[in-house]
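Following: one structure in C-alpha cells, then a few remarks.
In the text below, chain A, chain B and the rest are named by the order of the sequence lines, each starting its count at 1.
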Number of protein chains: 4
Amino acid sequence: MVLERAIFEATLADLEAVGYARLTMDGVAHRARTGKTSLYLRWPGKADLVAAAVEHAVADQSEPSDTGTIRGDLLAAVTVIATRLDGAFGEAVRGLAAETLADPERTRRARESVVGWADRRVATVFERAVRRGEIAAASVSPWAIRLAPVLVTHEYLAHGAPIPEAALADIVDQVVLPVVGVAPPPPAAA
Amino acid sequence: MVLERAIFEATLADLEAVGYARLTMDGVAHRARTGKTSLYLRWPGKADLVAAAVEHAVADQSEPSDTGTIRGDLLAAVTVIATRLDGAFGEAVRGLAAETLADPERTRRARESVVGWADRRVATVFERAVRRGEIAAASVSPWAIRLAPVLVTHEYLAHGAPIPEAALADIVDQVVLPVVGVAPPPPAAA
Amino acid sequence: MVLERAIFEATLADLEAVGYARLTMDGVAHRARTGKTSLYLRWPGKADLVAAAVEHAVADQSEPSDTGTIRGDLLAAVTVIATRLDGAFGEAVRGLAAETLADPERTRRARESVVGWADRRVATVFERAVRRGEIAAASVSPWAIRLAPVLVTHEYLAHGAPIPEAALADIVDQVVLPVVGVAPPPPAAA
Amino acid sequence: MVLERAIFEATLADLEAVGYARLTMDGVAHRARTGKTSLYLRWPGKADLVAAAVEHAVADQSEPSDTGTIRGDLLAAVTVIATRLDGAFGEAVRGLAAETLADPERTRRARESVVGWADRRVATVFERAVRRGEIAAASVSPWAIRLAPVLVTHEYLAHGAPIPEAALADIVDQVVLPVVGVAPPPPAAA
DNA sequence: CCTTAATCGAGACGGTACGTCGTGTCTTTAT
DNA sequence: ATAAAGACACGACGTACCGTCTCGATTAAGG
C-alpha cells in the first residue's frame, strides 16, 4: 500500500508537471521509483491509473465552510472546485473526458466522480440553507445541485485555469441562486 | 480546396468510425486518398486537424425550428445539440477537451466553437421568446444562453451518447426555464 | 543473441532479395519478426546494420582448398570471392561503398572487412606456395596479396555479377602470377 | 545548353559539399536556380543526373605529362586520378557503385566511364614507354593498363580521400612496373 | 507584330522510408 | 511469490525526398 501511495503521488505530480496528454507510464514508474510492471499489475492502462489517482486524491473531504448565508457558502464551494481544477485534478478531468477505461462501467464511475464530490459539497450547502429557511426544500433537485459543479468544470474545460473570480460569482448569482428561488444581490455599480 | 474538403470528410468519417483517441493521421490521409504531407502542410497535428474539421462541419447552420413556444423551441434546440454530439462532433469535443493545439489562442477559439454554435441557436430562441412576450429581455444574459449547451455537453461527456430525452427535458424544465423566469409545466404523472 | 542472429539472417535475405538500395529497416524488422526499435537499439542506421550483418557472415572461414599448385589455389580463391559477391555480400559491398556509418572509424573497419577476409585467404595460398618453393618469400607483399581481391571486387562493381570465369583466369594469369614472379601458362589456342 | 551547364555545376558542387548520399534533386535544382521539372525532363533520376554530370566533368582531357621515364609518367597519372577522386568525382564513384540507373546499358557505360578515362591516360603512358623502349609492346595488355586506375580507385573506396602519396608509389612500384616487366627502384632507406 | 507553342520556375501532391517515442507484454534477477 | 529493471513487438508520430503534376510567366517561332 505504501507503493500504491507513491504511485498515486507520482501520477498527480506528473499530471501537474506535464499534463494528461504528455503523461507516460514510464514517467510515472520512474518518478515512483518502481517499474512499469507494478503499474500494469494494478491498472490496465494510463486512463485507469489516472482515474484511480484522482479518486484517491478527492477522497479526503473537509466539511464545506459555513459563512452564514447560502450565497457565501456557494461562493466558497465554487472556489474550492475552481482551485482543484487548477492542478493535477483538472488535467485528469481532461483525460477522462477523452479516453475510455478498460471497463465501461468503470469509465462511467470515474467520470461521475469528476463532479460527484463537488455535488456532495453543494448538497451540504443547500441542506444548511433549507435549515436556515433561505430556500424551500422543494427547490433542491439533483439538477439544481449539479449546476454549479458542471458550470465551473465547463468553464475550466473551455477557457482553462485559473477561472476568474468574476465568472464564479456570475455562476452563483445569475444561475444557481435564481434556480433555487433566491433573488441575487443587485449588481455592483460599474 | 477540393482536397481540403476531402480531408475534412475523411476526418469526420474516421472520428465517427473509431473515435478521437484511435484516429490517426495515416488513417485520415489514406481515407482522403492523399499523403500525410498534405495534412501537415495545413495543420501542425491531429488536434488542429480535428478542430478545423469540426469548425467546418458546424459552420452550415440552419434556422432553429419555431414551434410556437419557448419550451418547444428549447427542446428542439437541445435535441439538435444532443444529436450532433452523438457522432463525429462528439468525439471531437472529447479530443479538444484533452489536447492542446499548437497555438494557444487557436486552442481557445476551437474550444469556444464547441458550444458557440449552440449558443447562437439558443440566443435566437430567446429573441423569439422576447418578441412573443414569453420572457423579459432583462432575463436573457450570456449565462442564461450558455446554460443549455453546457449542460447537454456535460451530460454527453459524463454519460456518453445518446443522451436520453428525459435528461434533455429536465435541463429545459428544471434549469433553463426557471432561470429566464418561466414556470415549468407540472411534471407529468409517472 | 538469438535475436541478433535472426536479424542478421533477415538482413542478408533482404539484401539478396531486393538489394541494398531497396532494403528497408521496416522490411528487415518484419522478416526477423521484431520491431524497428530492436534494430535501432543495436545499430544507428541501415549502413551499420548491413556492415554488422556482413562481418558476421564472412566470419565463418573454411580453409582455402589446396589444389597442389599456386595457380589452382588462386583460381579457387578468386572463385570463392566471385561467388560471395554474387549474393547478399555483393549488395552490401555496394552499399558500404556509397554510405557512411555513424562512426568514421567504424566505417573504415567495415570497408576494410570487405576485402580483408579475402586477403587472408590469398595470404594462406601464398604461404603454401612459398613452402612448396613455387614463389620467393620476398615477392609476397601486402600489395601482392590484396591484388586478387581488389581486382575481383572491382570487376563486380563495374560489371556486376556473375563474374565470367575467363575474367577470373585473366586476373590470376596476367596480373597476380606475374607479380609474384611465376610465368603464367601459355594462352590456350583460341 | 546554358541551363544544362548550370545544372552540372550545381550537381558537382553539391556532390562536393554533402556527398552523394545526401545530395537531393531539390537541392541541385535550387542551387542551379531552376525547378525539378528541368531535371526530370533530362534525366530519369538522381543516379542518371550524377552520371551525366561526371561524364561531362571528366570529358576535358589534357595530355598526360611526359616526365621522360615510365615511372615518372605513371606516378603523374595516378596522382591525377587520386586528385580527381578527392572531390565531386569521388563522391559520384561511390554513388555509381551503389545505385543503378534507369537503363541497365546506361549503367554499364557510366560505371565503365569511372575508370575509362584513367585507362586512356595510362595507355598513353605505356605507348610512350614502348616507343622509348622501356617496356615490350607484348607486356601491354588491357589488364596491365587497368591495374593502376582500379587500385587507386579501390584505395579511395576503402580508405577515403586523400590517398597518401606512399600508397600511390607502392601501386606503381610494387604492382604496375613488375607486371610490365620493369624492375622497380630499390626502396629508399627509411 | 502578334499569337501559338514550348519551356521554365515554383511548388503542391501522393507516396515510401526514415528514426523516435510510448504502449503493454514478457523475461530476468534479486529478494 | 512479488518487485525492479528493462528488453521486446507493435504502431503512430512528424520529417525528408522522391518523382509526378499543375500552374502562371516567359520566351520563340511562325503566320
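A cation-pi arrangement is absent between A:Arg84 and A:Tyr156, since the terminal nitrogen or guanidinium carbon is not both under 6.0 Å from the aromatic centre and inside a 45° cone about the axis.
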For residues 18-30 of chain A, run the donor-acceptor check on the side chains, cut-off 3.5 Å, and write out each pair with its distance to 0.1 Å, sequence neighbours left out.
{"unit_1": "A:Tyr20", "atom_1": "OH", "unit_2": "A:Glu99", "atom_2": "OE2", "d": "2.9"}
{"unit_1": "A:Thr24", "atom_1": "OG1", "unit_2": "A:Gly27", "atom_2": "N", "d": "2.8"}

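Side-chain N/O atoms of D:Arg42 include one lying less than 4.0 angstrom from OP1 or OP2 on E:dC8.
Applying the salt bridge (charged side-chain N to carboxylate O under 4.0 Å, His left out) definition to pairs two or more places apart or across chains, those involving residues 5-14 of chain C are C:Asp14-C:Arg31.
Taking atom CG of residue B:Leu49 and atom P of nucleotide F:dG14, one finds them 11 Å apart after rounding to whole Å. Per the geometry, CG belonging to A:Leu41 stands 12 Å off C1' belonging to F:dA4, to the nearest Å. Taking atom CZ of A:Arg31 as the reference point, atom P of F:dA4 lies 17 Å away to the nearest angstrom. Per the geometry, CH2 belonging to D:Trp43 stands 18 Å off C1' belonging to F:dT20, to the nearest Å.
When each of D:Arg111, D:Arg109, D:Arg106 is checked for a salt bridge (Lys or Arg N to Asp or Glu O under 4.0 Å) with D:Glu55, only D:Arg106 meets the rule.
For the atom pair C:Leu85 CG and C:Leu157 CG, the distance stands at 8.0 Å (nearest 0.5 Å). To the nearest 0.5 Å, atom CD1 of residue A:Ile7 and atom CG of residue A:Leu39 are 5.0 Å apart.
Of the residues in residues 88-107 of chain D, none has a non-hydrogen atom less than 4.0 angstrom from any atom of DNA chain F. For residues 7-15 of chain D, proximity to DNA chain E is found at no residue, defined as any non-hydrogen atom under 4.0 angstrom from a strand atom.
Ion pairing of A:Glu105 with A:Arg108 is present here, as a side-chain N (NZ or NE/NH1/NH2) and a carboxylate O approach within less than 4.0 Å.
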Exercise. Given C:Asp103 and C:Asp48, is the side chain to side chain contact (heavy atoms under 4.5 Å, CB included) satisfied, shown in steps?
Worked result: CA-CA 9 Å; C:Asp103 173 6; C:Asp48 296 82; 5.8 Å; no

Exercise. Quick one: what's the B/S/- string for nucleotides 15-24 of chain E, heavy-atom cutoff under 4.0 Å, read 5' to 3'?
Worked result: B-SBBBBBBB

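The heavy-atom pair separating C:Leu96 from C:Ala51 by the smallest distance is CD2-CB, 4.0 Å.
Applying the side-chain contact (heavy atoms from CB on, under 4.5 Å) rule to D:Glu4 yields the partners D:Met1, D:Phe8, D:Arg42, D:Trp43; only residues at least two apart in sequence or on another chain are considered.
Residues A:Val115 and B:His154 form a side-chain contact, since some pair of their non-hydrogen atoms from C-beta on lies under 4.5 Å apart.
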